Amino acid sequence: MGKIKKLLVANRGEIALRIMRTAREMNIATVAVFSEADRKSPHVRFADEAICIGPPPSSQSYLDADKIIAVCKQVRADAIHPGYGFLSENAAFARKVKEAGLIFIGPPEEAIDVMGSKLAAKNIAAEQNVPLVPGTQSAITDIEEAKQKADEIGYPILIKASAGGGGKGMRIVDNESEFEEQMARATSEAQSAFGDGSVFIEKYILSPRHIEIQILGDQQGNVVYLFERECSIQRRHQKVIEEAPSSILTPEVRKAMGECAVTLAKACGYYNAGTVEFIVDENLKFYFLEMNTRLQVEHPVTEQITGLDLVRLQIEIAEGKPLSVRQEDLKILGHSMEVRVYAEDPKNNFLPDIGKLMTYQKPQGPGVRVDDGFEEGMEVPIYYDPMLAKLITTASTRNEAIDRMIRAIEEFRIIGVETTLPFCKYVMEHPNFKDGNFDTNFIKNHFTPEQLGGKFNEAEAKIAAWLAVKIFMGKEKTTANNTTSSSNKSSKWKNRLHQ
Ligand code: ADP
Ligand code: ADP
Ligand code: MG
């Protein structure tokens with residue numbers, strides 16, 4: 001162990017930039033790796049050194065473990081931060097990093113291994129008396145037996161891939177007649193998507209809230225919990241809006257969940273940052289879902305309400321330092337909201353969109369934080385996750401954080417791709433969201449694409465008019481050689497104006 005002097009960030013976009021910012025504050029030199037699609041990205045420019053590691057597809061760049069480790073040695077960096085996604089939950093990668101004599105900024109590989117399997121994780125949770133969603137605790141091998149179990153649990157049930165993640169590998173089964181067919185599909189999908197066909201069943205909780213606990217552990221065996229984040233506003237079982245603290249937890253339930261998370265972390269010899277995910281029902285009963293063994297996308301809301309820099313703590317832990325925070329010193333300071341700004345069209349089933357960011361102007365002002373990896377003029381590449389930015393607002397109360405978010409969303413100008421911003425504003429203004437009266441079915445219960453139609457605010461209309469003029473002038477200049485691209489753009493504007 002020992003002090004890290006040079007850090008390679010094995011990731012891209014907003015999270016690469018976010019990690020490097022903390023490294024710089026700690027006087028640690030930074031190395032970016034990038035694919036050919038990201039040559040002009042801000043994370044590449046920000047780094048002290050940047051190395052191209054291959055073509056755009058992640059399998060040939062950001063997922064090429066050997067290449068990344070070779071680059072790390074070549075530039076004499078002493079540690080690798082994997083961010084989230086890509087290699088962050090790959091135990092074999094963590095092992096290789098260590099075998100190369102480098103520091104992996106994350107948990108021990110044994111813990112990644114165990115928690116990477118939802119089934120293994122459930123078994124540890126059961127041993128530790130952490131409550132589980134009713135279901136099977138081993139992979140299904142016998143269909144008849146599984147059907148019987150499903151009957152006992154009661155429909156609807158959920159078939160889940162043990163190796164699943166990112167909202168993928170889940171199938172809802174409403175009644176027995178669909179069981180066999182769905183089981184066959186789930187197994188083959190799990191095999192092709194995750195290379196592991198193991199599936200299990202869980203009761204499908206009808207009105208759940210997704211609430212997760214952030215934990216931090218050091219290599220000396222100390223573990224603390226940094227309270228909860230609620231991430232119930234989801235599409236395709238993936239989070240779009242997160243907040244801390246949750247609007248429904250009582251101090252007692254918060255403490256009970258936090259202590260369960262700490263117990264679980266200790267049971268698998270965990271250190272570094274991790275998240276224990278739970279589902280909470282109407283009676284505030286909570287059930288363990290899974291553990292994510294990495295820094296989470298939504299970690300900023302926890303930073304905002306605790307005043308801590310999670311990346312700094314991750315680096316210190318990886319250096320072998322004992323935790324500098326004690327449970328009894330931790331306090332919730334205010335309320336923080338995060339919306340994920342995805343290049344997706346909420347009016348069209350959240351279909352990913354690509355294009356050029358013709359206008360990209362971020363909101364500013366009190367209590368606003370934007371974590372992003374894009375700039376005006378950049379193209380949104382098709383190869384990666386379509387998240388453009390995370391917009392985070394913090395205030396002393398939940399209502400103020402919501403008002404601030406609405407203001408910040410109105411200030412955020414993105415033209416060139418469709419984004420989730422209008423949807424997020426809709427949620428912020430919804431009485432059920434404001435009242436804390438919602439669950440993971442919010443979109444299904446309260447949202448239709450029409451709700452975003454017609455609501456055109458004046459500021460947006462002005463920009464539209466301005467852009468129309470700009471496009472018109474551009475068209476005048478380019479008519480001779482290229483009319484198609486500019487006329488496409490203006491037709492997009494027409495669409496917008498008539499919504
Ligand atoms: P968080 O729980 O931190 O919000 P997400 O579930 O949104 O994380 O996933 C974080 C990132 O990791 C996303 O880019 C997501 O697409 C990716 N990801 C997580 N698990 C998987 C998986 N098993 N397969 C593919 N991508 C995954
Ligand atoms: P992933 O690895 O894809 O993140 P999770 O097990 O964390 O998988 O589940 C993702 C989301 O799916 C949860 O946040 C929740 O909305 C939904 N979900 C998972 N399990 C259940 C369940 N048993 N009942 C109802 N919803 C569930
Ligand atoms: Mg999850």
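Predicted model only: the values in this text are computed from it and were never measured.
Side chain of Glu290 to backbone of Ala121: no donor-acceptor contact under 3.5 angstrom is found. Checking side-chain atoms of Thr293 against main-chain N and O of Glu89 turns up no donor-acceptor pair under 3.5 Å. The main-chain N or O of Ile53 is found under 3.5 Å from a side-chain atom of Lys67 such that the two form a donor-acceptor pair. Under the 3.5 Å distance criterion, the side-chain polar atoms of Glu319 are matched with a main-chain donor or acceptor of Ile4. Judged purely by atom type and a 3.5 angstrom limit, Asn11 uses its side chain to pair as donor or acceptor with the backbone of Tyr84. Looking at Glu242, its side chain never comes within 3.5 Å of a backbone N or O of Lys239 through a donor-acceptor pair. Side-chain N or O atoms of Asp371 include none that pairs as donor or acceptor with a backbone N or O of Glu14 at under 3.5 Å.
Leu391 places none of its side-chain heavy atoms less than 4.5 Å from the side chain of Glu338.
The side chain to side chain contact (heavy atoms under 4.5 Å, CB included) test with Ile415 singles out one residue from Lys356, Glu376, Gln361, Met358, and that residue is Met358.
Listed by chain and number, the residues in a side chain to side chain contact (heavy atoms under 4.5 Å, CB included) with Met170 are Leu158, Lys160, His237 (sequence neighbours excluded). The side chain to side chain contact (heavy atoms under 4.5 Å, CB included) check on Arg312 picks up Thr22, Glu25, Met26, Asp309, Glu316, with sequence neighbours excluded. With sequence neighbours excluded, the residues forming a side chain to side chain contact (heavy atoms under 4.5 Å, CB included) with Asn348 are Asp345, Leu351, listed by chain and number. For Asp372, the salt bridge (Lys or Arg N to Asp or Glu O under 4.0 Å) test picks out Lys362, with sequence neighbours left out.
Between His210 and Arg229, the side chains place no donor N or O within less than 3.5 Å of an acceptor N or O (distance only, hydrogens not considered). With no hydrogens or angles considered, a side-chain donor-acceptor pair links Gln304 and Thr394 at under 3.5 Å. In this structure, a donor-acceptor pair under 3.5 Å is present between the side chains of His81 and Gln314. Of the N and O atoms on the side chains of His335 and Glu400, not one donor lies less than 3.5 Å from an acceptor on the other residue. Checked by atom type, the side-chain pair Gln191/Asp196 shows no donor-acceptor distance below 3.5 Å.
Lys347 and Glu450 are not joined by a salt bridge, as no carboxylate oxygen comes within less than 4.0 angstrom of a charged side-chain nitrogen. A salt bridge between Glu344 and Arg236 is present, with a side-chain N of the basic residue lying under 4.0 Å from a carboxylate O of the acidic one. A salt bridge does not link Lys168 with Glu189: every distance from a Lys NZ or Arg NE/NH1/NH2 to an Asp or Glu carboxylate oxygen is 4.0 Å or more.
Cation-pi check for Arg235 over Tyr342 is met; the charged atom lies under 6.0 angstrom from the ring centroid and within 45 degrees of its normal. A cation-pi arrangement is present between Arg24 and Phe46 under the rule of less than 6.0 angstrom and at most 45 degrees off the ring axis.
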Evaluate ring pair (Phe, Tyr, Trp, His ring centres under 6.0 Å) for Phe278 paired with Tyr287, printing each intermediate quantity in order. CA-CA 5 Å; Phe278 295 93; Tyr287 308 92; 9.4 Å; no
Starting from the C-alpha separation in whole Å, work towards a yes-or-no answer on ring pair (Phe, Tyr, Trp, His ring centres under 6.0 Å) for Phe447 and Tyr426. CA-CA 9 Å; Phe447 178 70; Tyr426 169 81; 5.4 Å; yes
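Residues Pro55 and Ser61 share a closest heavy-atom pair of O-OG, 3.2 Å. Across every non-hydrogen atom of Gln214 and Thr275, the tightest pair is OE1-OG1, 3.7 Å.
Rounding to the nearest 0.5 Å gives a distance of 11.0 Å between CD1 of Ile211 and CG of Leu289.
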Atom pairs and distances, side-chain donor-acceptor, residues 29-38, under 3.5 Å, sequence neighbours left out:
unit_1, atom_1, unit_2, atom_2, d
Thr30, OG1, Asp48, N, 3.1
Thr30, OG1, Asp48, OD2, 3.3
Ser35, OG, Ala37, N, 3.2
Ser35, OG, Tyr384, OH, 2.5
Asp38, OD1, Arg12, NH2, 3.0
Asp38, OD2, Arg12, NE, 2.7
Asp38, OD2, Tyr62, OH, 2.5

Result block: side-chain N/O donor-acceptor pairs under 3.5 angstrom for residues 439-446, not counting sequence neighbours:
unit_1, atom_1, unit_2, atom_2, d
Asp439, OD1, Asn441, N, 2.7
Asp439, OD2, Ser207, OG, 2.5
Asn441, ND2, Leu206, O, 2.8

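Classified by interplanar angle (parallel below 30°, tilted 30° to 60°, perpendicular above 60°), the ring pair Phe93/Phe104 is perpendicular.
Within a 6.0 Å sphere centred on CD of Gln364, other residues, nucleotides and ligands contribute 12 heavy atoms or fewer.
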